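Written below as structure tokens is the structure these notes are about.
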Amino acid sequence: MTEFNTSTKEIGDVNVVYLNGFLDAHTAPVLEDTFSSLVEQNKFKLVVNLKDLTYISSAGLGVFMAFIEKMRENNGDIKLTSMNEKVFNIFDLLGFPLLYEIFDNEEDAVGKFSGDK
Amino acid sequence: MNKKLDINKDRLIVKSNTANLITIRKFINNKAKLCGFSSNEAEDIVLAVDEACTNIIEHSYHSKPNFDIEISVSFSKSNFVITIIDYGETFKPGSFKEPNLELYRKQRRVGGLGVYLMKTLMDDVKYSSINNKYNQVLLTKKLTH
């Protein structure tokens with residue numbers, strides 16, 4: 001059983017990235033690889049669905065910090081959705097809601113990209 | 001609730017490999033719940049210990065995976081104390097002030113958030129170098145119910 005994995009789905013020009021499991025210093029490189037691969041394909045509009053993410057440490061939060069600027073410089077963004085209360089609390093402790101748009105559900109997050117046009 | 005844990009039986013020694021973080025988290029979660037902390041509180045303690053060990057792996061052992069990290073827990077007078085020892089380079093954690101995320105974003109800095117989390121989630125965090133022989137982090141959480 002793997003501790004952490006990601007999968008992606010395209011909805012129009014938005015890519016939804018699903019996170020599953022435990023995101024820590026050991027598994028953070030998996031998410032880095034996922035984001036890097038999307039950047040290489042010039043895909044900068046990301047919705048990250050955290051419904052199945054059970055744990056995050058600062059190493060995981062750091063990955064979001066490392067990529068947000070890149071996405072925004074290219075008319076994209078990283079929008080977050082569907083996180084559980086515990087994971088939200090950690091994002092909240094570090095002030096992430098000021099920097100990232102956080103949605104209750106995936107549809108609203110995806111829709112926000114078309115609304116931005 | 002004022003039971004004492006025998007430190008000798010409550011020690012975990014793992015190598016400085018991030019693959020062992022999951023073992024450390026399970027160990028701490030178990031012990032915290034045995035001491036009477038709620039699931040939520042136990043998860044906070046687990047995250048603080050994860051951050052401390054991640055810092056040790058990165059800064060004390062420079063991500064070399066074959067060095068020892070010794071974690072022991074004790075519980076007395078409602079204080080749950082986790083002691084983490086390493087034999088690597090002594091490092092001074094950054095300031096405990098609330099991080100300026102905007103600055104982090106602009107400078108594309110990705111480290112340094114862990115220390116703030118540790119300080120926020122625990123009642124006390126103490127770093128010390130003991131006789132220049134080893135480094136010790138003491139993390140304390142009070143049981144308040």
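All chains are named by letter (A, B, ...) in the order of the sequence lines, taking the proteins before the strands, and each is independently numbered beginning at 1. Values in this document were obtained by computation on a predicted structure and should not be read as measured data. Side chains are part of it too, since the values below use all heavy atoms of this structure and drop only hydrogens, waters and symmetry mates.
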Pair Phe80(B)-Lys31(B), side chain to side chain contact (heavy atoms under 4.5 Å, CB included): steps then yes or no: CA-CA 9 Å; Phe80(B) 183 54; Lys31(B) 298 297 174 193; 4.0 Å; yes
From CA spacing to verdict: salt bridge (Lys or Arg N to Asp or Glu O under 4.0 Å), Glu101(A), Lys112(A): CA-CA 10 Å; Glu101(A) 279 193 284; Lys112(A) 190 66 196 290; 2.6 Å; yes
Side chain to side chain contact (heavy atoms under 4.5 Å, CB included) assessment of Asp50(B) paired with Phe22(A): CA-CA 12 Å; Asp50(B) 176 321; Phe22(A) 299 80; over 6 Å; no
Residues Leu53(A), Phe4(A); criterion side chain to side chain contact (heavy atoms under 4.5 Å, CB included); working and verdict: CA-CA 8 Å; Leu53(A) 187 75; Phe4(A) 175 78; 3.8 Å; yes
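Between atom CZ of residue Phe37(B) and atom CD1 of residue Ile45(B) there is a gap of 4.0 Å, rounded to the nearest 0.5 Å. Here the CG-CZ distance, from Asp77(A) to Phe113(A), works out to 5.0 Å after rounding to the nearest 0.5 Å. How far CD1 of Ile56(B) is from CD1 of Ile85(B): 9.5 Å, rounded to the nearest 0.5 Å. For the atom pair Asn49(A) CG and Thr8(A) OG1, the distance stands at 12.5 Å (nearest 0.5 Å).
The greatest number of non-hydrogen atom pairs below 4.5 Å with chain A, out of Arg25(B), Glu43(B), Glu58(B), is found for Arg25(B). The residue among Leu47(B), Val46(B), Asn20(B), Leu21(B) with the most heavy atom pairs within less than 4.5 Å of chain A is Leu47(B).
By a heavy-atom distance cut of under 4.5 Å, not one residue of residues 27-44 of chain A is near chain B.
Contact of Phe67(A) with chain B is not made at all, since no heavy-atom distance falls under 4.5 Å. In this structure, chain A has a heavy atom under 4.5 Å from the side chain of Leu121(B), while its backbone stays farther away.
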